[in-house]
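Notes follow the structure.
For this chain, numbers begin at 1 and follow the sequence in order.
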Amino acid sequence: MKRRSMTSTSYIARTGILLALAVIFQVGFRSFAQPLVGPLVNMTLIISVLSVGVASGLTIGCFTPLIAFFMGIMPLFPLVPIIMAGNAIFVSAFAFIRDRTSDSGEYLALVAAALLKFAFLAISVRKLLVIFIPKVPQSIVAAFSIPQLYTALAGGIIAIVLHKIIKNNY
């Protein structure tokens with residue numbers, strides 16, 4: 001992939017469009033919550049890495065939980081930095097592994113990145129969040145465990161397939 005300057009018009013425009021798309025998913029599908037919003041946001045993160053670059057994915061991954069909090073979609077502020085870090089792990093691990101494997105390595109990179117994100121979030125909600133919220137609601141613990149693995153994998157698979165279709169047709 002050709003490297004783009006993070007200050008180029010194309011980089012800023014593409015990142016902005018993908019961030020807007022992620023926010024639309026969060027707001028527009030909020031009544032469906034995690035089963036739909038999670039894969040769509042994770043799809044956006046992986047598409048941003050594939051089409052713009054890792055810095056774009058990191059930017060989107062950090063802004064989406066913050067925007068979700070300020071829009072009232074996510075009620076607990078101490079979760080914001082944990083989700084930001086989980087998204088950063090997901091994006092960075094995917095890019096790192098993908099760049100060091102063959103073309104079919106995208107799926108290997110996705111599985112590894114999804115496992116890392118899941119492990120980080122599941123452990124953080126149980127061990128780190130209790131520093132700020134002594135009695136973490138069981139619904140939060142449940143939401144930040146195995147569903148995170150499923151949503152990361154589903155969103156990533158959709159992203160890889162869409163990216164291949166778009167790349168081959170345009």
Side-chain angles (χ1 to χ4, degrees), residues 1-74 79-118 120-121 147-170:
M1 179 172 72
K2 187 173 82 172
R3 301 268 181 216
R4 291 181 188 89
S5 169
M6 288 180 20
T7 59
S8 75
T9 304
S10 174
Y11 168 85
I12 294 168
R14 288 176 181 221
T15 300
I17 290 167
L18 288 165
L19 176 59
L21 187 61
V23 171
I24 289 168
F25 291 149
Q26 288 178 313
V27 173
F29 299 116
R30 75 191 296 176
S31 61
F32 297 103
Q34 192 173 18
L36 187 58
V37 175
L40 290 172
V41 171
N42 284 307
M43 175 195 73
T44 307
L45 294 174
I46 297 300
I47 284 178
S48 68
V49 173
L50 294 171
S51 63
V52 185
V54 68
S56 176
L58 290 169
T59 301
I60 294 166
C62 287
F63 274 110
T64 50
L66 193 60
I67 291 168
F69 174 75
F70 285 122
M71 295 185 82
I73 296 168
M74 184 179 43
L79 276 173
V80 171
I82 292 171
I83 297 169
M84 286 177 171
N87 287 342
I89 289 167
F90 184 54
V91 165
S92 299
F94 176 79
F96 181 82
I97 296 166
R98 179 183 168 265
D99 289 349
R100 284 154 184 79
T101 59
S102 65
D103 285 343
S104 61
E106 289 175 337
Y107 292 102
L108 172 66
L110 173 63
V111 169
L115 284 168
L116 287 170
K117 178 180 181 176
F118 152 70
F120 172 79
L121 290 174
Q148 292 297 323
L149 178 60
Y150 297 146
T151 61
L153 287 171
I157 290 168
I158 294 166
I160 291 168
V161 170
L162 278 176
H163 184 259
K164 287 180 189 236
I165 292 169
I166 292 167
K167 188 171 98 175
N168 292 335
N169 290 318
Y170 295 99

*Nearest-0.5 Å distance that lies between atom CG in L121 and atom CG in L79*: 9.0 Å

*Heavy-atom pair of closest approach, residues I89 and L116*: CG2-CB, 3.7 Å

*Hey, is CZ on F69 packed in by over 12 heavy atoms from elsewhere, all under 6.0 Å?*
yes

*From V91, V49, N87, residue fulfilling side chain to side chain contact (heavy atoms under 4.5 Å, CB included) relative to L58*: V91

*Interatomic distance, I47 atom CD1 to I17 atom CD1 [nearest 0.5 angstrom]*: 12.5 Å

*If you look at every heavy atom in E106 and T101, which pair is closest and at what distance?*
N-OG1, 4.5 Å

*Out of V54, L50, L45, which one pairs with F94 under the side chain to side chain contact (heavy atoms under 4.5 Å, CB included) rule?*
L50

*Distance in Å, S92 OG paired with I97 CD1, rounded so as to fall on 0.5 Å steps*: 10.5 Å

*For S56, check side chain to side chain donor-acceptor pair (under 3.5 Å) against everything at least two apart and list the hits.*
T15

*Please name all residues satisfying side chain to side chain contact (heavy atoms under 4.5 Å, CB included) with A85, sequence neighbours left out, ordered by chain then number.*
F120

*Specify the closest pair of heavy atoms between T44 and L40, including all atoms of both residues, with the distance to one decimal.*
OG1-O, 2.8 Å

*Would you mind reporting whether I166 and S51 have side-chain heavy atoms less than 4.5 Å apart?*
no

*Any sub-3.5 Å donor-acceptor pair from Q148's side-chain atoms to K117's backbone N or O?*
no

*asked:* Give me the atom names and distance for the closest heavy-atom approach of I60 to S48.
replied: CD1-CB, 3.7 Å

*Can you name the nearest heavy-atom pair linking V52 to R14, along with the distance?*
CG2-CB, 3.4 Å

_Run the ring-ring contact (aromatic ring centres under 6.0 Å, His included) test against F70 and tell me which residues pass, sequence neighbours left out._
none

*Rounded to the nearest 0.5 Å, how far apart are OG1 of T64 and CG of L19?*
7.5 Å

*To the nearest 0.5 Å, what is the distance between CD (Q26) and CG (L21)?*
10.5 Å

*For A22 and V41, work out which heavy atoms get closest and say how close.*
O-CG2, 4.2 Å

*Measuring from L162:CG to I157:CD1, what's the distance to the nearest 0.5 Å?*
12.0 Å

